[in-house]
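Please read the structure below before turning to the comments.
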Amino acid sequence: MRVKEALQSPIGTEMQVSGWVRTRRDVGRISFAELNDGSCLRNLQVVIEEGVVSEEDLSKIGTGACISVRGTLVESPAPGQPVELKAHTISILGPADPAAYPLSKKRHSFEYLREIAHLRVRSNTFGAMFRIRNTLAYAVHRFFQERGFIYVHSPIITTSDCEGAGAMFGVTTLDLMNLPRTPSGAVDFSQDFFGKPAYLTVSGQLEAEVFALAFTNVYTFGPTFRAENSNTPRHLAEFWMIEPEMAFCDLDGNRKLAEEFLRYLMAAVLDECREDLELFNKWIDDSVLSTLEHVLNSPFEHITYTDAIRLLQESGQNFEYPPHWGADIQTEHERYLTETLFKRPVVVTDYPKQIKAFYMRLNDDGKTVRAMDVLVPRIGEIIGGSQREERYDVLLQRIREQGLDESNYWWYLDLRRYGSAPHSGFGLGFERLMMFVTGMKNIRDVIPFPRTPGNAEF
RNA sequence: UCCCCGGUAGCUCAGUCGGCAGAGCGGGUGGCUGUUAACCACCAAGUCGCAGGUUCGAGUCCUGCCCGGGGAGCCA
């Protein structure tokens, strides 16, 4: 029986529960062991009376040990917990030397826990973290499945840097100590596994567009990779991204889906992870619960980029980077808009074309594109999306304008040549969502095994 | 990649002017008939990040490197 189930069982239930000991306290001739199996935040208090195990075995039931307990669920005579497990027999599945076990019963810094990522999952915070992550991941699928979206497995390995979203990791089977060369001295990739240079994907968007123009509504949810040398609390070399793509959908429909999506996720996590969220609200950031409820209940503000710049200029705020039309909206601007001015999530649309990607649909003014960013308190941009350029001629011109090689985009252009349709989509960084939901300050602490420059341990 | 801060016991940190290596927590031992991050007493525990340099003497000053954190750029 799992700990979660045991805690809800009627008094007198005979049960066997297995898990890991968080701490043991000896008082007189009785020992108390806190047992956790990851099923919930709370531990099951196991009461070990004298004679149940030998002295030698009791010494093995320390912090970190794995045990299986057979016993009776009884009402607890002491305050602190309504029920406890009175042990009849205990088998020690895996002892842990308390002197050497790296996780103590007291608090550790996140920096230290990161170095023991194989054990930090046994702590309260990371237990709660990864139950929330699981709930959110499942809610993502549920949201789209309930609306008839098709889940697309976009490729991990790609041979084209189509989006130009940043440095890519190369994928090769060539012998790096003995690279084949062309007569001109360049690496001869025709001898490589794919016959040309290959990379890990930076985005599934372009492939999602392919599927949207056949299945109407689709989404991807998978890992993406960036080889940028970014050393910040907001970047990972490997992270998970959710990218819905909808045919017959304009920017307004895109915006509405993004709002509905975020609200759905907030509702799911508030509904299913209350106890775990309360841990983050208590120890990490006391605005976690109120912010989630706020996002769930308040309508999102909607303004254009041009209005946003004007509001920022009229704000009287002393920004480090003075806002002006044509420049990107800085983090400090985003936070002013969403935390100070509107005090709720803000959707900013219609950005200048120079600061956005080539595939975003050009507006009739010829200066702005149908882009949208969803800004939320504390994090800033959490979603970026756009209506896509569906007109062949305009798209081709935009590719050329940005100095891109149009031959790389032949299949993407084909989508506009054969049965093109208005379509839109957006991308949500899953770990950024996790940071928003949990209040965690470092993205390395919301993914099981973070990959960053110089670090791919575990 | 650039700028700033840090690295001392298993963990979190103090270490004054260059002069004997410290505390709390954790761990061990003993005590306690119901504990709740238990409590009380005692005990053990150090390549002061690494490599050089200055000095009678370096945890402390200088140089280089490695690692961690924050900020910036890039972005999700």
Side-chain angles (χ1 to χ4, degrees), chain A residues 22-34 42-50 55 59 62-64 74-82 84 86 96-116 119 123-124 163-167 201-205 222-243 283 320-321 328-332 334 355-357 373-376 379-385 426-436 441-447 452-455 457:
Chain A
R22 287 292 174 78
T23 174
R24 197 191 85 227
R25 297 176 289 270
D26 300 331
V27 184
R29 294 188 179 82
I30 305 182
S31 276
F32 301 93
E34 297 287 339
R42 273 175 298 161
N43 303 321
L44 177 62
Q45 174 163 280
V46 177
V47 182
I48 309 165
E49 293 180 333
E50 195 175 27
E55 284 278 316
S59 71
T63 302
V74 298
E75 206 168 328
S76 181
Q81 61 284 313
E84 60 192 20
K86 184 179 173 180
D97 178 5
Y101 188 57
L103 263 186
S104 78
K105 58 177 80 169
K106 296 288 173 90
R107 281 175 71 81
H108 287 295
S109 68
F110 288 123
E111 291 81 6
Y112 170 68
L113 290 171
R114 227 169 273 155
E115 295 169 7
I116 49 167
L119 297 172
S123 68
N124 286 337
E163 198 183 348
T201 184
V202 295
S203 164
Q205 182 200 312
T224 48
F225 308 88
R226 305 280 166 91
E228 295 288 353
N229 191 7
S230 298
N231 294 286
T232 86
R234 301 175 303 282
H235 292 87
L236 290 166
E238 175 183 290
F239 63 99
W240 287 65
M241 195 148 60
I242 299 142
E243 295 174 294
W283 297 103
E320 190 182 345
Y321 296 92
D328 244 327
I329 295 181
Q330 301 284 326
T331 301
E332 56 176 341
E334 294 176 349
I355 58 173
K356 288 292 179 184
D373 284 355
V374 180
L375 315 177
V376 293
I379 301 289
E381 181 188 338
I382 195 166
I383 281 178
F426 62 82
L428 171 82
F430 192 55
E431 283 74 21
R432 295 264 173 97
L433 173 74
M434 282 294 298
M435 290 174 77
F436 176 68
K441 304 288 183 290
N442 194 312
I443 200 166
R444 298 165 193 208
D445 297 326
V446 302
I447 190 167
T452 51
N455 194 346
E457 193 69 49

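Reminder, nothing fancy here: chain letters follow the sequence lines and each chain counts from 1.
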>> For B:C11, does the base pair up with any side-chain atom of A:H108 as donor and acceptor (N or O, under 3.5 Å, distance only)?
In response: no
> Out of B:U35, B:G70, B:U12, which has the shortest distance to the side chain of A:A78?
Replying inline: B:U35
> For A:R24, which contact category applies under a 4.0 Å heavy-atom criterion: base, sugar-phosphate, or nothing?
Replying inline: nothing
> Checking all strands, does A:S76 fall into the base, sugar-phosphate, or nothing category for heavy-atom contacts under 4.0 angstrom?
Replying inline: base
>> Ignoring hydrogens and geometry beyond distance, is the side chain of A:S230 in donor-acceptor contact with the base of B:C74 at under 3.5 Å?
In response: yes
> If we only count heavy atoms from C-beta on, is the A:V47 to A:F32 side-chain gap below 4.5 Å?
Replying inline: yes
>> I'd like to check the ring pair (Phe, Tyr, Trp, His ring centres under 6.0 Å) partners of A:F430; sequence neighbours left out, ordered by chain and number.
In response: A:F221
> What's the closest nucleotide to the A:P77 side chain, out of B:G70, B:G34, B:G73?
Replying inline: B:G34
> Nearest to the side chain of A:N455 - B:C75, B:G68, B:U36?
Replying inline: B:G68
> Side-chain contact, heavy-atom cut-off 4.5 Å: A:I383 with A:V376?
Replying inline: no
>> Distance check, C1' atoms only: B:A14 and B:G24, in whole angstrom units.
In response: 10 Å
> At under 4.0 Å, does any side-chain N or O of A:R22 touch on OP1 or OP2 of B:U36?
Replying inline: no
>> Categorize A:G429 for me: base, sugar-phosphate, or nothing, with a 4.0 angstrom heavy-atom threshold over every strand shown.
In response: sugar-phosphate
> With respect to the side chain of A:D26, which nucleotide from B:C11, B:C32, B:A37 is positioned closest?
Replying inline: B:C32
Pairwise N/O distances under 3.5 Å, protein to nucleotides 23-28 of chain B:
unit_1: B:C25; atom_1: O3'; unit_2: A:K106; atom_2: NZ; d: 2.9
unit_1: B:G26; atom_1: OP1; unit_2: A:K106; atom_2: NZ; d: 2.9

Give me the distances for all protein-to-nucleotides 3-7 of chain B N/O pairs that come in under 3.5 Å?
none

> Where the side chain of A:N229 is defined as all heavy atoms beyond and including C-beta, which of B:G69, B:U1, B:U12 is the nearest nucleotide?
Replying inline: B:U1
>> Less than 4.0 angstrom between a side-chain N/O of A:R25 and OP1 or OP2 of B:A38, yes or no?
In response: yes
>> Using the side-chain heavy atoms of A:S109, tell me which of these nucleotides is nearest: B:C74, B:A72, B:U12.
In response: B:U12
> Choosing from B:G34, B:C75, B:C11, which nucleotide comes nearest the side chain of A:Y112?
Replying inline: B:C11
> Any N or O donor-acceptor pair linking the side chain of A:E50 to the base of B:U33 at under 3.5 Å?
Replying inline: no
>> Under the side chain to side chain donor-acceptor pair (under 3.5 Å) test against A:E34, which residue among A:R24, A:R22, A:R25 passes?
In response: A:R25
> Does any non-hydrogen side-chain atom of A:R107 lie less than 4.5 Å from one of A:W283?
Replying inline: yes
> Nearest to the side chain of A:V47, which nucleotide is it out of B:G34, B:C74, B:U12?
Replying inline: B:G34
> Is the shortest heavy-atom distance from the side chain of A:L433 to the side chain of A:I382 under 4.5 Å?
Replying inline: yes
>> When you measure only distances, ignoring hydrogens and angles, does the side chain of A:Q81 come within 3.5 Å of the base of B:U36 through a donor and an acceptor?
In response: yes
> With no angle test and no hydrogens, is the base of B:G34 tied to the side chain of A:E84 by a donor-acceptor pair under 3.5 Å?
Replying inline: yes
>> OP1 or OP2 of B:G70 versus the side-chain N and O atoms of A:N442: is any pair under 4.0 Å?
In response: yes
> Which one, B:G71, B:G34, B:G68, comes nearest to the side chain of A:R234?
Replying inline: B:G71
